[in-house]
Amino acid sequence: MSRIASVLLPMPLPEAFDYAEPEGLDLQVGDQVAAPLGPRLLRGVVVGLREGAGGNRPLKAIEGRLDEPPLPPNTLEFIQWAARYAVDAPGQPLAIALRGARAPKPKPVKVVEVTGAEPARPTPARTKVIQTARGQSLSPPDLVRAAGVSSGVVKALIDEGVLAVRLIEAEARFDEPNPFLAGATLNPSQAAGAAALKAMLAADTAGEGGFNVALLDGVTGSGKTEVYLEAVAAALAADPTAQVLILLPEIALTQAVIARVAERFGAQPGEWHSDVAPPARRRVWEAVAHGRCRIVVGARSALFLPFPNLRLIVVDEEHDASFKQEEGFIYHARDLAVVRAKIEEAAVILASATPSLETLRNAETGRYRWLRLSARHGTAQLPDIELIDLRETPPEHGRWLSPPLVAAMGETFARGEQTLLFLNRRGYAPLVLCKACGQKLTAPDTDSWLVEHRYSGRLVCHLTGFSMPKPRACPHCGAHDSLVSIGPGVERVEEEAKELFPQARVAVFSSDTAFDAREARRLIEAMADGQIDILVATQAAAKGHNFPDLTLVGVVDADLGLRGGDLRAAERTYQLLAQATGRAGRRDRPGRALLQTYAPDHAVMQALKAQDRDAFVAAEMSERELAGLPPYGRLAAVIASGLDPAQLEVFVRTMAQAAPNTEGVEVYGPADAPLGLIRGRRRKRFLVRADRTVDLSAYMATWRARVKPPASVRVAIDIDPYTFL
Ligand code: ADP
């Protein structure tokens with residue numbers, strides 16, 4: 001009997017395609033195959049097999065199975081679940097899952113082997129080389145080093161045919177982590193947390209079902225990392241094939257955690273993020289698929305790696321909005337981590353000093369275990385937080401640092417301690433304006449202001465990456481020398497800090513200066529090492545790191561995040577500022593944080609000052625509950641965009657009429673998106689609010705299926721949106 005294989009291709013197609021299974025191929029679900037599509041041969045994955053031969057027309061046959069590891073069944077199930085949830089084509093998450101498999105293989109490596117031939121002239125050095133090389137596959141330089149001889153000796157033996165050089169494929173091997181190495185001696189609160197996590201993991205082995213979620217909730221510096229590494233050790237020790245994934249929101253943070261994992265377990269973990277070179281990615285992907293890489297530390301897309309035996313997922317800084325992928329396949333890695341763990345019957349640890357309201361709600365209702373670490377480890381104290389009312393003590397004209405902050409910086413510098421100035425704005429100035437005609441400079445095809453970057457001398461659109469040299473004359477009125485830079489970015493604050501403290505070593509940390517993982521690590525290490533006195537940083541450096549000599553944090557514009565006015569503006573501002581101020585005073589010296597604000601009475605500022613997270617959360621929760629907003633209700637957004645405004649308008653009206661009428665669901669819109677134009681495309685939005693009992697993904701899928709956009713219109717659905725632009 002012949003069989004039909006359904007093959008999912010990594011592209012935005014609505015469903016898997018059927019192919020005939022060639023005689024004798026004996027495919028399995030999960031196999032990677034080459035399948036014809038039109039004139040092309042594509043890589044796909046078998047997602048189903050059934051008896052049959054197809055209908056009237058014969059099916060095209062699969063070309064062959066690829067000599068590559070298959071996707072484990074749970075990974076496939078996760079991909080399909082994620083697509084249904086996101087109301088997107090399953091080929092989209094599959095493309096993410098195959099990213100490592102499609103990367104080029106690492107170059108083959110040269111190894112030296114003994115041929116058995118006798119050397120013409122045996123010398124002690126030659127004998128040593130032959131003994132060292134026997135039974136091993138060392139590269140020529142490694143052999144030279146291991147035998148302790150000069151490279152000439154090895155070369156002569158190769159020339160004589162006593163040794164042969166062979167090219168072998170670099171093996172995707174990772175050193176085995178050792179879970180039995182001793183970790184830090186935990187304090188009582190940490191020990192209680194670690195014990196609870198271990199009990200949770202043991203529930204799996206005891207047959208009580210492995211899926212469990214714990215919230216590890218502790219102030220910055222309380223030792224959450226130490227505690228979750230204990231749980232990682234327990235998971236690895238319980239099962240010699242167990243795999244663990246640690247997810248982090250920023251590449252800069254992955255570097256720090258990789259170092260700690262390597263130290264704790266005596267082995268480098270697999271590293272996974274956009275900055276990892278393709279051959280290295282391929283190596284991690286294969287090693288994970290074969291179960292040979294047991295710990296992965298990575299950014300959100302690591303969630304789609306083909307783990308055959310994933311036992312634990314840690315989501316560190318779980319509240320961080322960077323876990324939300326906003327383009328292409330839209331998903332939230334924290335939420336999907338919980339789903340993946342459920343499919344794998346694995347455990348999840350969500351760690352944060354400022355958990356998201358969604359997670360706190362789950363902890364309050366008992367769906368998640370709630371482990372609190374109350375104090376900083378050792379003698380370290382939380383910093384004192386003071387508000388600087390900019391209405392009373394404003395900076396001098398054309399400056400951004402107020403006199404009280406400057407005074408505190410001076411004292412800190414005089415004591416040989418470090419200052420972090422936090423401003424979540426890249427570049428020199430967020431806006432360039434012509435003082436002759438009043439025009440603000442915007443990108444040609446996008447509704448966003450151009451940001452001035454002094455390092456590069458360019459004006460940059462942060463949304464699309466468009467950039468141009470800063471013009472001499474105003475592009476609107478032609479006036480010369482009329483362009484003025486409005487407001488501060490990190491580069492401008494750096495300039496001011498250098499002017500104020502000419503002897504201080506000042507550096508900037510943003511995605512422009514820490515442009516890759518290595519540069520980020522270099523800056524973080526320089527800061528941790530005391531080689532920087534004043535670090536001006538965006539959020540990339542304000543999270544998670546330990547800087548022992550940092551005793552002052554100055555928040556340049558504490559109100560910045562509140563202006564956006566989206567659902568999570570207050571929550572996000574609170575989280576970000578609590579993180580940033582939490583950088584201060586981590587060792588035995590007390591720290592201080594000064595927040596510059598025009599709204600000292602705002603609930604967020606008051607909660608930060610009083611360090612009363614619970615009061616802030618309670619107030620915010622009751623507002624959300626009244627409005628039926630997350631975590632009490634659910635949201636989804638539709639973003640329709642098109643090159644032709646008239647066609648777009650007609651389409652969104654049709655779409656509005658097609659919205660299914662369902663109890664517990666309200667549809668708002670269409671409305672012009674706040675960013676009404678991106679890359680020449682006009683944008684319109686709908687916002688959908690639903691009760692928690694509604695299957696919002698199913699609702700959105702039904703709605704989407706009722707309309708057929710013209711070719712010029714694109715429709716994106718965003719379940720649980722985090723941006724409303
Ligand atoms: P968090 O993740 O909660 O911010 P970390 O795990 O990074 O906290 O701990 C903060 C600092 O305190 C780190 O330098 C860490 O090595 C140190 N630390 C935490 N717990 C202990 C412990 N039990 N023994 C020794 N050092 C610890």
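Numbering of residues begins at 1 and proceeds along the displayed sequence. Every number for a ligand or one of its atoms is a count from 1 in the order of the listing.
- Put simply, the residue from Ile96, Asp720, Val339 that forms a side-chain contact (heavy atoms from CB on, under 4.5 Å) with Tyr331 is Ile96.
- Taking any N or O of Ala184, backbone or side chain, none lies under 3.5 Å from an N or O belonging to ligand 1.
- The option from Gln190, Arg260, Glu226 that lies nearest to atom 7 (O) of ligand 1, judged by heavy atoms, is Arg260.
- Contact detail for Glu364 and Trp370: the closest heavy-atom pair is CG-CZ3, 3.9 Å.
- Residue Gly218 has no nitrogen or oxygen atom sitting less than 3.5 Å from a nitrogen or oxygen atom of ligand 1, judged on distance alone.
- Note on ring orientation: taking the six-membered ring where Trp is involved, the planes of Phe329 and Phe304 are perpendicular (angle over 60°, cut-offs 30° and 60°).
- Test Asp217, Val227, Val219 against Leu373 for side-chain contact (heavy atoms from CB on, under 4.5 Å) and you get one pass: Val227.
- Counting atoms of ligand 1 from 1 in the listed order, those under 4.0 Å from a heavy atom of Leu186 are 23 (N).
- Pairs passing the side-chain hydrogen bond (donor to acceptor under 3.5 Å, both in side chains) check and including a residue from residues 602-611, sequence neighbours excluded, do not occur.
- When each atom of ligand 1 is checked for a heavy atom of Val219 under 4.0 Å away, the hits are 3 (O).
- Checked against a 3.5 angstrom limit, the closest N/O atoms of Thr220 and ligand 1 fall outside it.
- With a 4.0 Å heavy-atom cut-off, ligand 1 is reached by no atom of Val227.
- Residue contact check: Thr185 has heavy atoms under 4.0 Å from atoms 22 (C), 23 (N), 24 (N) of ligand 1.
- Stacking of Arg283 on the aromatic ring of Phe174 is recorded, both the 6.0 Å distance cut-off and the 45° axial limit being met.
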